[in-house]
Amino acid sequence: MKRLIQLEMLKLVPNRTFRIFTILYFAIVLGLTLLSYINIELGPFKFNFGNEGAFNFPLTWQFNTYVASYLKLFLAIILVTNIVNEFDFRTIKQNLIDGLSKKEFMYSKILTMVLLSLISTVLVFIIALLLGFKYAENQSLNLILSELYYIPVYFLSLVSFFSLMMFIAVVIRKSAFAFGILFIWATVESII
């Protein structure tokens, strides 16, 4: 397993798309903390996003996972381009020639998907926890844990979404078409 993850990191880290979208994703997710500092003053109306209750326990779990769920597209771009590049640059054939089985190839992609989902989930958990401790008036353990289930649900939603994107990328083998199919699917789903 460690060898497969190292192999994937050797492919991903030098990739420009990986670096750009990873930095964008983590910058935006960390930017969630900046939402708490926004002060809007329009004449007599004063609005502070942090003091409105969005970051209080237990609502902070729901709010942060909801906002972060819209950012999963950044990580999906990384996964799709990673898989499509395997076919475009024929590295999959070279890996198979070098002794990597098809099962190990798919296992390495699944490991990458789960690892990105886990890192994202841990980051959202830490941000939600810190914001909750900063803004919650009542910090009882019962209240903190009352809606914590949003975190594993967020992880599950990431894994399922990335699995769908991985399936589309393997079948279609073109990034633009894969994202086009995703867009059509999301449009049809929202209509239904």
Side-chain angles (χ1 to χ4, degrees), residues 4-32 34-35 61-98 100-125 127-128 150-192:
L4 296 176
I5 292 175
Q6 287 174 343
L7 182 65
E8 284 300 308
M9 289 302 122
L10 285 174
K11 294 177 202 174
L12 284 175
V13 173
N15 189 341
R16 183 182 215 177
T17 305
F18 173 77
R19 289 184 303 210
I20 290 171
F21 282 100
T22 303
I23 290 169
L24 277 173
Y25 176 78
F26 288 114
I28 293 172
V29 169
L30 290 173
L32 285 173
L34 298 178
L35 282 176
W61 304 119
Q62 179 182 4
F63 178 76
N64 285 295
T65 55
Y66 175 75
V67 173
S69 69
Y70 284 104
L71 303 173
K72 65 186 172 193
L73 187 60
F74 288 105
L75 297 177
I77 290 171
I78 292 169
L79 288 171
V80 168
T81 55
N82 181 21
I83 293 169
V84 169
N85 285 345
E86 295 280 352
F87 295 107
D88 285 346
F89 300 129
R90 302 189 197 295
T91 53
I92 185 171
K93 289 182 180 180
Q94 187 61 44
N95 285 336
L96 294 175
I97 290 169
D98 291 340
L100 191 70
S101 69
K102 289 180 183 180
K103 183 179 178 180
E104 287 178 321
F105 171 76
M106 287 309 294
Y107 188 58
S108 69
K109 299 302 176 193
I110 292 169
L111 280 174
T112 304
M113 174 188 65
V114 170
L115 187 65
L116 284 174
S117 300
L118 188 64
I119 290 169
S120 175
T121 303
V122 168
L123 183 66
V124 169
F125 170 76
I127 289 172
Y150 279 101
I151 298 297
V153 168
Y154 174 70
F155 175 76
L156 185 63
S157 73
L158 284 179
V159 170
S160 60
F161 177 72
F162 294 155
S163 298
L164 173 69
M165 290 305 300
M166 216 167 85
F167 173 74
I168 292 172
V170 168
V171 171
I172 302 296
R173 297 183 184 180
K174 296 290 178 195
S175 298
F177 292 128
F179 288 112
I181 288 173
L182 175 69
F183 177 73
I184 291 168
W185 176 73
T187 305
V188 169
E189 182 186 29
S190 65
I191 291 171
I192 292 175

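- Taken from CG in L75 to OH in Y25, the straight-line distance is 5.0 Å, to the nearest 0.5 Å.
- Applying the side chain to side chain donor-acceptor pair (under 3.5 Å) rule to K72 yields no partners; only residues at least two apart in sequence or on another chain are considered.
- Put simply, the side chain of Q6 does not reach to within 4.5 Å of the side chain of M9, judged on heavy atoms.
- Interatomic distance, I92 CD1 to I97 CD1, rounded to the nearest 0.5 Å: 11.0 Å.
- A pairwise comparison of heavy atoms in A178 and I172 identifies N-CG2, 4.1 Å as the closest pair.
- Side-chain contact between W185 and L164 is present, with at least one heavy-atom pair separated by less than 4.5 Å.
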Just do the side chain to side chain contact (heavy atoms under 4.5 Å, CB included) check on L12 and T112 with the steps written out, would you? CA-CA 10 Å; L12 284 175; T112 304; 3.8 Å; yes
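- Defined by atom type and a distance below 3.5 Å, a donor-acceptor pair is missing between the side-chain atoms of E104 and N95.
- Contact check for F26 versus L123: side-chain heavy atoms found under the 4.5 Å cut-off.
- Put simply, the side chain of L73 reaches to within 4.5 Å of the side chain of L182, judged on heavy atoms.
- With values rounded to the nearest 0.5 angstrom, F74 atom CZ is found 14.0 Å from L79 atom CG.
- Contact detail for V114 and F155: the closest heavy-atom pair is O-CE1, 4.0 Å.
- The heavy-atom pair separating S101 from L96 by the smallest distance is C-CD2, 3.8 Å.
- E86 pairs by the salt bridge (charged side-chain N to carboxylate O under 4.0 Å, His left out) definition with K11, K109, not counting sequence neighbours.
- Shown here for T17 and I78, the closest heavy-atom pair between the two residues is O-CG1, 4.5 Å.
- With values rounded to the nearest 0.5 angstrom, L7 atom CG is found 11.0 Å from L111 atom CG.
- Put simply, the side chain of K174 reaches to within 4.5 Å of the side chain of D88, judged on heavy atoms.
- Residues M165 and I83 have side chains not in contact (no heavy-atom distance under 4.5 Å, counting atoms from C-beta outward).
- Shortest non-hydrogen contact noted between R173 and V84 is O-CG1, 3.6 Å.
- Heavy-atom minimum distance, F162 versus S117: CD1-OG, 3.2 Å.
- The backbone N or O of L116 sits nowhere less than 3.5 Å from a side-chain atom of S120 that would complete a donor-acceptor pair.
- Here the straight-line distance linking atom CG of L4 with atom CG of L100 works out to 6.5 Å at 0.5 Å rounding.
- Annotation: the span from I28 atom CD1 to F21 atom CZ amounts to 10.0 Å, rounded to 0.5 Å.
- In this structure, S108 contributes its side chain and F105 its backbone to a donor-acceptor pair below 3.5 Å.
- With W61 as reference, F125 is the one residue of Y150, F125, Y154 to meet the ring pair (Phe, Tyr, Trp, His ring centres under 6.0 Å) rule.
- Between the S69 side chain and the Y66 main chain, a donor and an acceptor come within less than 3.5 Å of each other.
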